[in-house]
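Both ligands and their constituent atoms are indexed starting at 1 by order of listing. Note that this is a predicted model, so its numbers are computed, not measured.
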Amino acid sequence: MSEEVAYAHLKFPESRKTETVQELHRVGTKACPAHSHTWRQTAFTLTLICLLLLIGLGILGSIFYTTLKIETEKLNKLENFKEELQRNISLQLIANMNKSENIRNLSIALQDLATKLCRELNREEPGHKCKPCPNSWMWYKNNCYFLSETYQTWQEGEISCSAQNASLLQIEENSTLEFIKSKKLYSYWLGLPPKQDDKNSEEVDENIISSDKLKRNMDKMHCRYIYGTKFFYASCTEKYKVACEKKANSVKVESVITSEDTDGRI
Ligand SMILES: *[C@@H]1O[C@H](CO)[C@@H](O)[C@H](O)[C@H]1NC(C)=O
Ligand SMILES: *[C@@H]1O[C@H](CO)[C@@H](O)[C@H](O)[C@H]1NC(C)=O
Ligand SMILES: *[C@@H]1O[C@H](CO)[C@@H](O)[C@H](O)[C@H]1NC(C)=O
Ligand SMILES: *[C@@H]1O[C@H](CO)[C@@H](O)[C@H](O)[C@H]1NC(C)=O
Ligand SMILES: *[C@@H]1O[C@H](CO)[C@@H](O)[C@H](O)[C@H]1NC(C)=O
């Protein structure tokens, strides 16, 4: 802006010089001082207007520049705020995820603790109500076992176990094997599928689903029973003792904390 103003000032004496030249020229031909005076005034006014316009332009420019600067700063601040907010939100999300994982970990730890405590309580007082097995069932690792002293055929044993939502003793887990070894079981049916001794194959017909046929065939079938650390085959219609097995429920934390003893079930 200052440059432009200087230019206007410089231009003034220059235009005056041309004026003098023109005047000299006019003196030579036809002198007219009144006309020249008006012209000079007009030129001065025009220059003044020009100057004012330039100043106005300069002021407008500076206003525009300042406004632009302020707005840009505001925009930058807003941008920074947005970034900080996004950072805070993601930090919050991570912290929340951590919190829920912590809670999950804590509840797993609490469950483990309750189970351990319940085992201790049952050692002191068998049939404590925290026990996750029905009354008169044994709790070993994650399973419940029931040892019956009555002698039954393999099929009867299976039926009486399933009536209690259990199955004949399975040996699918190491813990069951450990249980069998620790209890020294003699003459108990095992829940393994019966085997045929005389035939390896039989015709597949509608009789296969008839229980009559199954019953008729049971005396030809051989089932396994456990005797100490060994198992033997016997005809499935013979009578042995029955051992049932089922999964233990999980220990209820509140059943460990409260001491009142009800029926030992949950
Ligand atoms: C972001 O978190 C910091 C520290 O917790 C806090 O001081 C700041 O105000 C938060 N920023 C926003 C934009 O919420
Ligand atoms: C998440 O939790 C663990 C254990 O409580 C802690 O050591 C870790 O600093 C936490 N991380 C965050 C991002 O909060
Ligand atoms: C939760 O437990 C798992 C496995 O034990 C572990 O890797 C993780 O760091 C734990 N988380 C917290 C937040 O403590
Ligand atoms: C066996 O399970 C069924 C359904 O799950 C239940 O209604 C029934 O009471 C259970 N019986 C025993 C003896 O636990
Ligand atoms: C069972 O125990 C044997 C030896 O004690 C071990 O080699 C095997 O991995 C165990 N199986 C399972 C499923 O834990």
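Judged by a 6.0 Å distance limit and a 45° cone about the ring axis, K239 is not positioned over the six-membered ring of W154. Relative to the six-membered ring of W139, R119 meets both conditions, a distance below 6.0 Å and an angle of at most 45° to the axis.
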Are there any N/O pairs under 3.5 Å between ligand 1 and the protein, and if so, what are their distances?
from: ligand 1; atom 1: 2 (O); to: N88; atom 2: OD1; distance (Å): 3.1
from: ligand 1; atom 1: 2 (O); to: N88; atom 2: ND2; distance (Å): 2.4
from: ligand 1; atom 1: 11 (N); to: E84; atom 2: OE2; distance (Å): 3.0
from: ligand 1; atom 1: 11 (N); to: N88; atom 2: ND2; distance (Å): 2.7
from: ligand 1; atom 1: 14 (O); to: N88; atom 2: ND2; distance (Å): 3.3

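Atom CG of D112 has more than 12 heavy atoms from other residues, nucleotides or ligands within 6.0 Å. More than 12 non-hydrogen atoms from other residues, nucleotides or ligands lie less than 6.0 angstrom from OH of Y140.
Close N/O approach between N102 and ligand 3 is found [any backbone or side-chain N/O within under 3.5 Å].
Ring geometry, Y240 versus W189: the interplanar angle exceeds 60°, so the pair is classed perpendicular (tilted spans 30 to 60°).
For the residue pair N143/K247, the side-chain donor-acceptor check at 3.5 Å is satisfied.
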